[in-house]
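Accompanying notes for the structure given below.
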Amino acid sequence: METFIQIGINALSLGAIYALLSLGFAVIYNTVRIFHVLHGAAFLIAGYATWWLAQEQGLPIFFAASIAVILAGASGIFMELAVYRRLRVRGAGFLVSFLGSLAALFFFEGLLLTIARTTARLPRPGGPLPTFNLQIEALDIDLFIKWHAVNTIVLVAILVLAVTLFFRYTKWGRMIRAIASNPDLAVAVGINASQVYLMVFVLGSTLAGIGGVMQTYEGGVIPNVGIRLAITAAGGVIIGGIGSMPGAVVGGLALGLAQTIASYYFGGNWAIPAGFILLLLVILFRPYGLLGTREHRELRRLL
Amino acid sequence: MTTDAQEPQALSDGEANEEQTEAVVPLEGWRAIVTPQRTLIAYGALMMLALVPFGTGHVTGIFVTTVHAIASIAVLVVAALQQRYGLGAFALFILVLSLLWRFELGLSDEYMAHLIVVASVFSILASSLNMSVGYTGLMSLSHAGFMGIGAYAFAVLTTETLNPPPGAEVFNLPYWPSIVVAGLVASVVAFIVSPILRLRGHFFVLATVTVMLSLSQVILAWRWMTNGSLAIREVPRPVIFGYAFDTADKFLLFSIPVAIICIIILWRLVESPYGRVLTTIRANPAVAESIGKNVGFVRLRVYVITAFFAGVAGAVYVSYFTVAAHSQYLVEFSTFLLIMVVLGGSGRWLGAVLGALAYVTVSEVVRYVPDITEWFHSYISFFPVIPGEKTGGITTMTWGALLFFLMLFRPQGIIGRYRLE
């Protein structure tokens, strides 16, 4: 029972970060239909900014984290304007946009590698992460659980709720959904597509940035994982179902769960292959993803 | 001649796009005879004439560089006369660089041989990836994984396995069968992961990256077979009829013919009716299906065949380096292979070879960046000096910037047949 809870908490907290990544990716992908490999960069920006502000400049962590998240969101604007808009104006399609995104990610990672130290890790006052002791006599449980893990889970749950409410009840949310489901009609009705694209990138990158902050606080980030992050995000989207936002969250959680279980039973090396096996199984047996539906337009183009 | 009005710049650079292939708009005059491919083949043949005696030690590197200078000037002249800017730029780059290296920066003979071997192995890899990406539209970032599988398979087959668990066989196979078996092992792995071929577009790319990462991890984790994060050492170099190809110069006599054979096989595969099927699948799978081609099977076959060549290339690579290490086969390398294909020009079988050459040369140039920044720094003290150990980051940055500008201004690469869309 103990191990069950331990694995569960670890899986949920990892899955929560993945869910943030996937949700951000899904928001961008559903609207702009670009494989946004640069998504990992938003994560890294937030992570490094948090580290730099807190460690080098000595800001209190909360402020450092907030500024970092805002920076990540701002970087989303930069990505859309400097990378994707420029390519789109020249008539770029899927492949060229993807390669351009990859190129920008490479450039960014190289830049980070050159100007910064390789690992960004936050100082933790008082040593290791504070934990609390969970004791339930009846079930014979005596565990130390990191507060950080619980914080992550709660924060992500709140964020997912907030995003869902945003999409359902605010004007901007509806505009984004309009462009996502029928771009031509939305533009004909008078919605400004460029503005919506920018909003979407800001939103997605902010979500990724929050994930980055949480991850930096826990274990640090290195620049080389940019591609891996984008892959994780996209993997979560596929597993959960392309085109479905709750699917992205579920997919991220599922990925986190698979990786945690694999790490526990087979060793840390098997985390990524486990993710792959999960992806493969989902493709084979539920090609539309766990929560995807046949009706979604996107799927007819891709499967 | 009235055809001038129709399509005077049919295949000059900047106009290359999918509709205007050579079959639709026939070339005229000498442009039809001296095509970029033939120019490059002539260049290659001239270089072979210089490299063979170089490999056996009869001729110095200076001779090779001189021949190279003459050959690239010829290509440059042809490109200039035909207004093929991409090819011209490449020839100019190679010419200037090789002269600079040899006479100013002091490239030694052994290092030149080393670069040539590496370039030839990369040509095999890039050409096979070109068959997958450029012709069939399968953007696979798992190629380095298959290379790694081939490399490790070869290493395991030709050395004595370290610490095998009781009951396992100890291999020690001879050289040539091992290369072929290594390629086959890579193909089998490709077959095993082939369900991902069901995905299209972005998600296929994602799946191939996941495959790549997984293969990487499998290599790390299968400790008794692959020695984990330590490397397999003492992988043998070939010995044919008693002639040991043990130094770099001699090894290039081995790797270049192997590369040429592989590239010719790939050429016959893609510049053929089968190749037309592949390009149709890339352009419009629905059309391919409607004329009766089983798209799924064809993609599977392409994926498996290209994995075979990647495995063979990996085997040759590991034979040269005599060490099979996990760090050589990572995702970044897969992306560099893709960059080679895109840079050289997808859809032309020689484009990949050009891309491989370009990659090797640019990577070497980047190594001089710390020296260049120091030189600048001595004049302008504001200028930052980039220390030597940051070269990895600079390389990645350079390739990122290069690829981005390529996508912006010249998506078809150096001699691409069609503009990537």
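Keep in mind it's a predicted model, so treat the numbers as computed, not measured. Proteins get letters first, then strands, A, B, ... in listed order; numbering begins at 1 in each.
Heavy atoms of A:Arg86 lying under 4.5 Å from chain B belong to its backbone as well as its side chain. Heavy atoms of B:Ile339 lying under 4.5 Å from chain A belong exclusively to its side chain. Contacts between A:Leu280 and chain B at a heavy-atom distance below 4.5 Å involve the side chain alone, from C-beta outward. With a 4.5 angstrom heavy-atom cutoff, A:Ala233 does not touch chain B via any of its atoms. With a threshold of 4.5 angstrom between heavy atoms, B:Leu402 does not approach chain A through any atom at all. Contacts of B:Val205 with chain A are made by side-chain atoms alone, with heavy-atom separations under 4.5 Å and no backbone atom involved. Contact of A:Phe98 with chain B is made through the side chain alone, with heavy-atom distances under 4.5 Å.
Comparing A:Thr232, A:Val83, A:Leu279 by heavy-atom pairs within less than 4.5 Å of chain B, the highest count is held by A:Val83. Your options are A:Ile272, A:Ile227, A:Ile231, and the one with the most heavy-atom pairs under 4.5 Å with chain B is A:Ile231. For the set B:Ile196, B:Leu141, B:Val331, B:Thr335, the entry with the most heavy-atom pairs within less than 4.5 Å of chain A is B:Thr335.
Residue A:Pro273 comes nearest to B:Ser214 through the heavy atom pair CA-OG, 3.5 Å, listed as atom of the first residue, atom of the second, then distance. In plain terms, the two heavy atoms of A:Arg90 and B:Leu408 that are nearest each other are CD-O, 3.1 Å.
Distance CD/B:Gln217 to CZ/A:Phe276: 13.0 Å, rounded to 0.5 Å. A distance of 11.0 Å separates OG1 in B:Thr396 from CZ in A:Phe107, rounded to the nearest 0.5 Å. B:Leu206 CG to A:Ile238 CD1: the interatomic distance, rounded to the nearest 0.5 Å, is 4.5 Å. Here the straight-line distance linking atom CG of B:Leu403 with atom CG of A:Leu105 works out to 11.0 Å at 0.5 Å rounding.
Centroid-to-centroid, the aromatic rings of B:Phe336 and A:Phe106 come within less than 6.0 Å.
At a threshold of 4.5 Å between non-hydrogen side-chain atoms, the residues B:Val218 and A:Trp270 count as touching.
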